[in-house]
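Scroll down for the structure; my scribbles are underneath it.
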There are 2 protein chains.
Amino acid sequence: MKLEKTTKVGRAEAKRGYEDACGLAHALELIGERWAPLVLRELWLGPRRFSGLRASLPGISANVLTQRLTGLEERGLVRRKQLPPPSSVPVYQATEWAMEAATTLCQLGRWASRAPGHDPSHPVSPVAIMMSMKVNFDPSLAGDFKGIVAFHFGEARYFAEIRDAQIRVERGDPTSADVTISCDPNALKPVLYGGAPVESLRPEGNIEIARRFMTLFSLPPKL
Amino acid sequence: MKLEKTTKVGRAEAKRGYEDACGLAHALELIGERWAPLVLRELWLGPRRFSGLRASLPGISANVLTQRLTGLEERGLVRRKQLPPPSSVPVYQATEWAMEAATTLCQLGRWASRAPGHDPSHPVSPVAIMMSMKVNFDPSLAGDFKGIVAFHFGEARYFAEIRDAQIRVERGDPTSADVTISCDPNALKPVLYGGAPVESLRPEGNIEIARRFMTLFSLPPKL
DNA sequence: CCGTATCCAATAAGATACTG
DNA sequence: CAGTATCTTATTGGATACGG
């Protein structure tokens with residue numbers, strides 16, 4: 001139609017910036033684009049590959065994921081790496097600095113889960129459910145409980161360790177798990193937050209530890 | 001290929017949601033739109049009117065501000081009020097719940113200010129500069145300093161009180177200020193964070209308190 | 001399997017004018 | 001002042017198609 005650039009914008013003001021010195025405005029320029037915070041969430045527990053990110057981010061398209069990853073890389077939030085040959089798989093890793101934001105974003109997630117409009121019936125990714133454990137762990141319920149629970153979500157492996165009324169969540173295999181749970185991330189929600197029995201997940205190992213573990217999380221009160 | 005819902009538009013596919021039960025995804029549906037976090041920032045210290053918001057958000061257009069305010073109101077983050085007659089001015093106020101998010105967003109702002117790309121030469125709003133004080137106050141520098149500094153940014157009035165190595169930032173007039181500074185918010189930046197002398201701002205009152213006050217803030221280290 | 005490039009339709013944002 | 005209305009531009013997401 002009209003190919004003429006109306007020059008309204010004048011110089012190459014390519015990006016839409018906020019022109020605001022407030023750090024928050026800059027945060028939005030760094031991670032304010034659609035999907036960006038969720039990409040960071042997926043990188044929270046370690047490097048991931050393109051297809052894994054795509055699978056964990058239902059609805060993102062390949063081109064948008066590419067844009068986000070390259071954008072985040074340009075801004076110093078993500079580093080792209082090649083695993084050593086022969087695998088030579090490219091993976092994306094959050095920088096240490098980006099990880100600090102991820103911690104803050106966790107809190108934002110906890111805050112939002114109080115909203116009346118929050119629908120927990122949607123699917124969750126493995127990282128998302130592990131993050132929910134990190135953020136909804138209630139130290140006051142833990143007493144002197146101590147245990148390591150391994151989670152197998154298909155090929156993906158994570159574990160949570162509770163000790164001294166603190167929780168640690170990591171990717172990979174623990175040195176020694178008390179109990180291992182193999183399931184879909186979504187199956188964990190009713191057990192963690194709905195009081196469903198852990199037996200439904202067929203835990204392997206110390207079932208008593210599994211049972212107790214699942215009682216240590218509480219969603220913040222709804223509004 | 002075999003998507004049955006390929007019917008182009010799909011009618012009721014109203015909003016673009018993330019379809020992700022993770023709280024963070026819902027947070028983005030609540031405040032992930034462009035400008036939304038900055039609107040909340042402006043409401044951080046109390047209710048504001050439409051024109052004040054527009055003035056503090058350089059670059060936002062009236063229709064987008066309207067959309068944000070009505071959207072935030074629908075989602076329970078903002079309440080619209082009418083001041084009692086004869087003024088009858090409509091004002092927008094953040095709900096208590098939204099204020100919790102604002103606190104987290106502050107942290108995000110502090111995080112982002114470490115970025116190499118952060119340009120502090122852009123203008124800041126009164127609320128933004130007050131927020132920077134809140135978030136960059138360094139208790140370890142405060143010792144037993146005690147003082148109340150009032151800020152007049154045109155008609156807008158704010159104050160900061162430091163006591164017991166804590167800072168409190170509010171809108172309005174303090175019961176008794178040690179010193180009052182009338183200036184543009186931007187003029188405060190070099191004094192707070194660049195070591196410029198407070199005398200350049202012509203403080204009225206206890207200048208020694210003003211001088212000491214300005215030394216109690218430190219930006220996080222750049223990357 | 002890991003992406004990138006391109007085209008297109010649907011939205012969101014921006015600029016401007018205008019009304020009560 | 002407090003917004004609507006309207007039009008233009010930019011970004012998004014989906015669907016391929018294509019290269020390593």
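What's counted below: heavy atoms across the whole structure, side chains too, no hydrogens, waters or symmetry copies. Throughout, protein chains are lettered first and strands after them, A, B, ... in sequence-line order, and every chain is numbered starting at 1.
Spacing between atom NZ of B:Lys81 and atom P of D:dA2 amounts to 17 Å, rounded to whole angstrom units. As a whole-Å value, the separation of A:Leu28 CG from C:dA12 C1' is 16 Å. Regarding A:Leu57, its CG atom lies at a distance of 16 Å from the C1' atom of D:dG14, rounded to whole Å. For B:Gln82 and D:dC1, the CD to P distance is 16 Å, given to the nearest whole Å. Put simply, CG on A:Leu53 is 16 Å from C1' on C:dT4, counting in whole angstrom units. In this entry the distance linking CD of A:Glu33 with C1' of D:dG13 reads 14 Å, nearest Å. Between the CG atom of B:Leu69 and the P atom of D:dG3 there is a distance of 8 Å, given to the nearest Å. In this structure, A:Leu65 places its CG atom 14 Å from P of C:dA5, rounding to the nearest Å.
Going from atom OG of B:Ser176 over to atom CD of B:Glu161 covers 8.5 Å, rounded to the nearest 0.5 Å.
Nucleotides of DNA chain C nearest to B:Gln67 and A:Gln67 differ in position, and the one nearer the 5' end is that of A:Gln67.
Aromatic ring orientation, B:Tyr193 versus B:Phe217: perpendicular (interplanar angle above 60°, classes split at 30° and 60°). Between A:Phe151 and A:Phe213, the ring planes lie tilted relative to each other; the angle falls in the 30° to 60° range. Classification of the A:Phe153-A:Tyr158 ring pair by plane angle, with boundaries at 30° and 60°, yields tilted.
Listed candidates were D:dA5, D:dA2, D:dG13. Nearest to the side chain of A:Arg34 is D:dG13. Among the nucleotides D:dG13, D:dG3, C:dA15, the one closest to the side chain of B:Ser61 is C:dA15. The listed nucleotides are C:dT4, D:dT12, D:dA2; the one nearest the side chain of B:Phe50 is D:dA2.
The side chain of B:Tyr92 contributes an N or O atom lying less than 4.0 Å from OP1 or OP2 of D:dG3. Taking side-chain N and O atoms only, B:Arg68 has no distance below 4.0 Å to OP1 or OP2 of C:dG14. For D:dA2, neither phosphate oxygen OP1 nor OP2 lies less than 4.0 angstrom from any side-chain nitrogen or oxygen of B:Arg54. Remark: A:Ser51 is not in phosphate contact with C:dC1, judged by side-chain N or O atoms under 4.0 Å from OP1 or OP2. OP1 and OP2 of D:dC1 both lie 4.0 Å or more from every side-chain N or O belonging to B:Arg49. Contact annotation: B:Trp35 side-chain N/O to C:dA12 OP1/OP2 distance is not under 4.0 Å.
With hydrogens and angles ignored, no donor-acceptor pair closer than 3.5 Å exists between the side chain of A:Asn63 and the base of D:dT12.
Classification of A:Arg202 and A:Glu204 as a salt-bridged pair fails, no side-chain N sitting under 4.0 Å from a carboxylate O.
Nucleic acid contact class of B:Thr66 (heavy atoms, under 4.0 Å, all strands): base.
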